Participant: 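One structure, as structure tokens, below. Some questions next.
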2 protein chains.
Amino acid sequence: MEQDDIFKALADPTRRRIFDKLSAGAMNASALRDGIAISQPAMSQHLSVLRGAGLVREERQGRYVNYEVNPDGLAEIALWLGKYRAYWPARIDALRALLKEMDQ
Amino acid sequence: MEQDDIFKALADPTRRRIFDKLSAGAMNASALRDGIAISQPAMSQHLSVLRGAGLVREERQGRYVNYEVNPDGLAEIALWLGKYRAYWPARIDALRALLKEMDQ
DNA sequence: CAATCACATAAGTATATGCTTATGTGATTC
DNA sequence: GAATCACATAAGCATATACTTATGTGATTG
């Protein structure tokens, strides 16, 4: 789970879409497929990349494998972003609002 | 300047390094090269990608071209990250501290 | 226990990407 | 104004990547 793996994983729009869908709630690989035009092996490969990056984690449940967002991956991005906080104030009102929300 | 361009730009470790170096202060392409083993055209191409992603902006100064961090790109990542704030609390103490800092 | 299901892995292929060398371009300098 | 400097662009090439079809694997089902 390095920054390189994380950014490479998120560089693919399909993987960002999968991640986004997962963020709405844990789901197995088949459920993830509907609504996205993608073959079963392709989905499996994408999930493997997301997992390797630490953005997602899996749990076997019978013959299904349940996937969920792994907060560690997001935290890693937040830390990367944090390095450049000197440049945030110029345009960061939206984020600031989100953070206020977090404090509640 | 779309999310796709931004994540693709940051997926390359050399470009992240260039961006990181730029974040310490504006610099021209030649100055960016020292300390990084990279040819002149390669640097030019990387800067072009970073610029296309809105992570960096340039300004001609005589025969030099000065590059600097473009906060818009960072803001875009912050917004992307913000969508998943539901997953932050698990590990986000460090970011929270950074944000407190920002409010001052 | 044979069939099926949910998913992973293998192997091949087409495109994308990051580099190289060569050349172009606008600006300064002698 | 010819040479040089700082950088961009072009073209070619090697590797990476995202997909495909085919097959493997562990678990449930009839």
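Letters A, B, ... are given to chains in the order of the sequence lines, protein chains preceding strands, and every chain is numbered from 1. These figures come from a predicted structure and were not determined experimentally.
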Participant: Check whether any side-chain N or O of B:Asn28 sits under 4.0 Å from OP1 or OP2 of D:dA6, and answer yes or no.
Facilitator: no
Participant: Can you find a side-chain donor-acceptor pair between A:Asp20 and B:Tyr84 that sits under 3.5 Å?
Facilitator: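 Short answer, yes.
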Participant: With a 4.0 Å limit, can you tell me whether B:Ser30 has a side-chain N or O closer than that to the phosphate oxygens OP1/OP2 of D:dA6?
Facilitator: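 Answer is no, no contact under 4.0 Å.
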Participant: Please figure out whether A:Ala42 or B:Ala11 has its closest DNA chain C nucleotide nearer the 5' end.
Facilitator: A:Ala42
Participant: If I take atom CZ in residue A:Arg51 and atom P in nucleotide C:dT9, what distance separates them, rounded to the nearest angstrom?
Facilitator: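 In whole Å, C:dT9 P and A:Arg51 CZ are 9 Å from each other.
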Participant: What is the distance, to the nearest angstrom, from the CG atom on B:Asn66 to the P atom on C:dA27?
Facilitator: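 So the CG-P distance, B:Asn66 to C:dA27, works out to 16 Å.
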Participant: Return the value, rounded to whole Å, for the distance between atom CE of A:Met43 and atom C1' of C:dC7.
Facilitator: 12 Å
Participant: How many Å lie between CG on A:Leu47 and P on C:dT9, as a whole number?
Facilitator: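 Between P of C:dT9 and CG of A:Leu47: 12 Å.
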Participant: Kindly say whether, by distance alone, the side chain of B:Gln45 makes a donor-acceptor pair under 3.5 Å with the base of C:dT20?
Facilitator: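 Answer yes: a donor N or O sits under 3.5 Å from an acceptor.
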Participant: Between A:Tyr67 and C:dA6, is there a side-chain N or O to OP1/OP2 distance below 4.0 Å?
Facilitator: no
Participant: Grab the CZ-C1' distance between A:Arg63 and D:dG24 for me, whole Å please.
Facilitator: 17 Å
Participant: Going through the checks in order, is the side chain to side chain contact (heavy atoms under 4.5 Å, CB included) test met by B:Ile6 and B:Trp80?
Facilitator: CA-CA 11 Å; B:Ile6 292 178; B:Trp80 182 89; over 6 Å; no
Participant: Would you mind writing out the side-chain donor-acceptor pairs for residues 45-52 of chain B within the sub-3.5 Å range, not counting sequence neighbours?
Facilitator:
unit_1, atom_1, unit_2, atom_2, d
B:His46, ND1, B:Arg15, NH1, 3.2
B:Arg51, NE, B:Glu58, OE1, 3.1

Participant: Could you tell me which non-hydrogen atom of A:Asn66 sits nearest to which non-hydrogen atom of A:Ala26, and how far apart they are?
Facilitator: OD1-CB, 3.2 Å
Participant: For the residue pair B:Lys8 and A:Ala11, what are the closest heavy atoms and their distance?
Facilitator: NZ-O, 3.1 Å
Participant: Between B:His46 (NE2) and C:dG18 (C1'), how many Å, whole number?
Facilitator: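 After rounding, the reported distance stands at 6 Å.
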Participant: Nearest whole Å is fine: how far is C:dA6 P from A:Ile38 CD1?
Facilitator: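 In whole Å, C:dA6 P and A:Ile38 CD1 are 17 Å from each other.
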Participant: Does A:Ser39 have a side-chain nitrogen or oxygen under 4.0 Å from the phosphate oxygens OP1 or OP2 of D:dT20?
Facilitator: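 True: A:Ser39 side-chain N/O within range (under 4.0 Å) of D:dT20 OP1/OP2.
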Participant: Rounded to the Å, how far apart are B:Asp4 CG and C:dT17 P?
Facilitator: 9 Å
Participant: Nearest nucleotide by nearest heavy atom, which residue falls closer to the 5' end of DNA chain D, B:Pro41 or A:Gln40?
Facilitator: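 Mapping each residue to its closest nucleotide by heavy atoms, the 5'-most match is B:Pro41.
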Participant: Between D:dA18 and A:Arg15, is there an OP1 or OP2 to side-chain N/O distance shorter than 4.0 Å?
Facilitator: yes
